[in-house]
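Along the sequence shown, residues are numbered consecutively beginning with 1. Order of appearance sets the numbers: ligands from 1, and atoms from 1 within every ligand.
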Amino acid sequence: MKKFAVIGNPIDHSLSPMLHNFIFKQLNLNAVYDKIYVPDSDLKTIINKIRSGELDGMNVTIPYKSKIMKYLDEVNPRAEAIGAINVVMVQNKTVIGNNTDWYGFTLALNHNKINVNQKKVVIIGAGGVSRGVIFALKQVGATEIHIFNRTFEKIASLSDEIIHPHEIDELKNVIQKDSIIINCTSVGINSLDSPIDLNLLNKNQTVIDTIYTPLKTKLILNSEDIGADIMPGLDMFIYQGLASLDLWFGESISNKVNFDDLKYHIESNLC
Ligand code: ATR
């Protein structure tokens with residue numbers, strides 16, 4: 001039996017086991033998926049579980065998407081450019097890190113018919129998720145990305161012709177009535193907190209959250225209430241998970257999965 005897991009800290013909120021175990025059952029795959037709480041000090045040893053064959057693959061979540069890179073044998077060049085890993089696999093005893101967050105985000109944008117061209121995109125957060133989202137946005141043609149983070153030092157060096165880093169208190173001056181706003185922080189995971197002042201929301205904006213627990217965060221609920229377009233985190237989460245499966249199994253498992261059935265399964269288990 002193949003064994004997979006997601007690692008992180010905290011990890012309780014992760015829906016990866018629900019997603020993957022549903023697919024394993026649906027497709028009759030002899031595999032199981034678990035979640036493992038990993039404190040900082042165990043990050044190196046958990047990689048050995050992959051090298052030894054105890055685990056066949058892993059997803060990586062908060063706060064290790066960047067931190068894990070130094071413990072891997074190889075990093076896919078695209079993941080290297082992104083600077084974050086959310087999936088780990090093993091080939092001939094070589095432990096390889098890759099990134100499917102960017103791809104999941106791209107497919108989720110398509111699925112929700114969100115066009116970022118000619119729009120002012122505002123990102124809050126500068127961790128691993130944020131890096132994947134920025135990579136995806138550039139791929140799909142975003143030309144103006146404004147990034148904010150609680151710790152400005154983490155974004156200061158990101159500046160280029162497309163990315164504009166700002167101090168967090170500049171948010172109110174930068175967000176426009178028709179901006180695309182993307183939460184890439186962990187603020188809102190199983191809480192009613194919002195990463196931005198909710199008074200900055202407007203009905204002509206598109207508001208995206210990368211958080212999927214709760215399915216609709218406070219930010220998403222308030223945006224929906226005032227009539228803005230929304231994209232909660234579940235679609236991105238599902239697409240990154242499907243892409244992880246394709247990497248682990250070396251074949252297109254994702255083509256065999258019915259997206260709507262899978263989404264319904266997750267939503268109905270959480271409501
Ligand atoms: P991930 O890899 O999932 O992106 P991460 O690397 O831990 O996780 O990044 C979490 C992001 O959420 C960071 O941008 C973090 O801001 P800092 O760089 O200042 O730490 C942001 N974040 C976490 N808790 C926050 C809070 N209470 N207020 C504002 N931002 C927060």
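Aromatic rings of Tyr239 and Phe259 (six-membered ring for Trp) have centroids within the 6.0 Å cut-off, being under it.
The aromatic rings of His265 and Phe22 sit parallel to each other, their planes meeting at less than 30°, with 60° as the upper class boundary. Trp248 and His20 have tilted rings, their planes meeting at an angle from 30° to 60° on a 0 to 90° scale. The aromatic rings of Tyr33 and Phe4 lie parallel to each other, with less than 30° between the two planes, well short of the 60° mark.
Residues Ile253 and Ile23 are in side-chain contact: their nearest non-hydrogen atoms beyond the backbone lie under 4.5 Å apart.
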Every pair of nitrogen or oxygen atoms between ligand 1 and the protein that is under 3.5 angstrom apart - can you list them with their distances to 0.1 Å?
| residue | atom | partner | partner atom | Å |
| --- | --- | --- | --- | --- |
| ligand 1 | 2 (O) | Gly128 | N | 3.0 |
| ligand 1 | 4 (O) | Gly128 | N | 2.9 |
| ligand 1 | 4 (O) | Val129 | N | 3.1 |
| ligand 1 | 12 (O) | Ser186 | N | 3.3 |
| ligand 1 | 14 (O) | Ala126 | N | 2.8 |
| ligand 1 | 14 (O) | Asn149 | OD1 | 2.7 |
| ligand 1 | 16 (O) | Asn149 | OD1 | 3.2 |
| ligand 1 | 18 (O) | Asn149 | ND2 | 2.8 |
| ligand 1 | 18 (O) | Lys154 | NZ | 2.8 |
| ligand 1 | 19 (O) | Arg150 | NE | 3.0 |
| ligand 1 | 19 (O) | Thr151 | N | 3.1 |
| ligand 1 | 19 (O) | Thr151 | OG1 | 2.4 |
| ligand 1 | 20 (O) | Arg150 | NH2 | 2.8 |
| ligand 1 | 20 (O) | Lys154 | NZ | 3.4 |
| ligand 1 | 27 (N) | Arg150 | NH1 | 3.3 |

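Using modelled atom types, one finds no donor on one side chain facing an acceptor on the other under 3.5 Å when comparing Asp235 with Tyr212.
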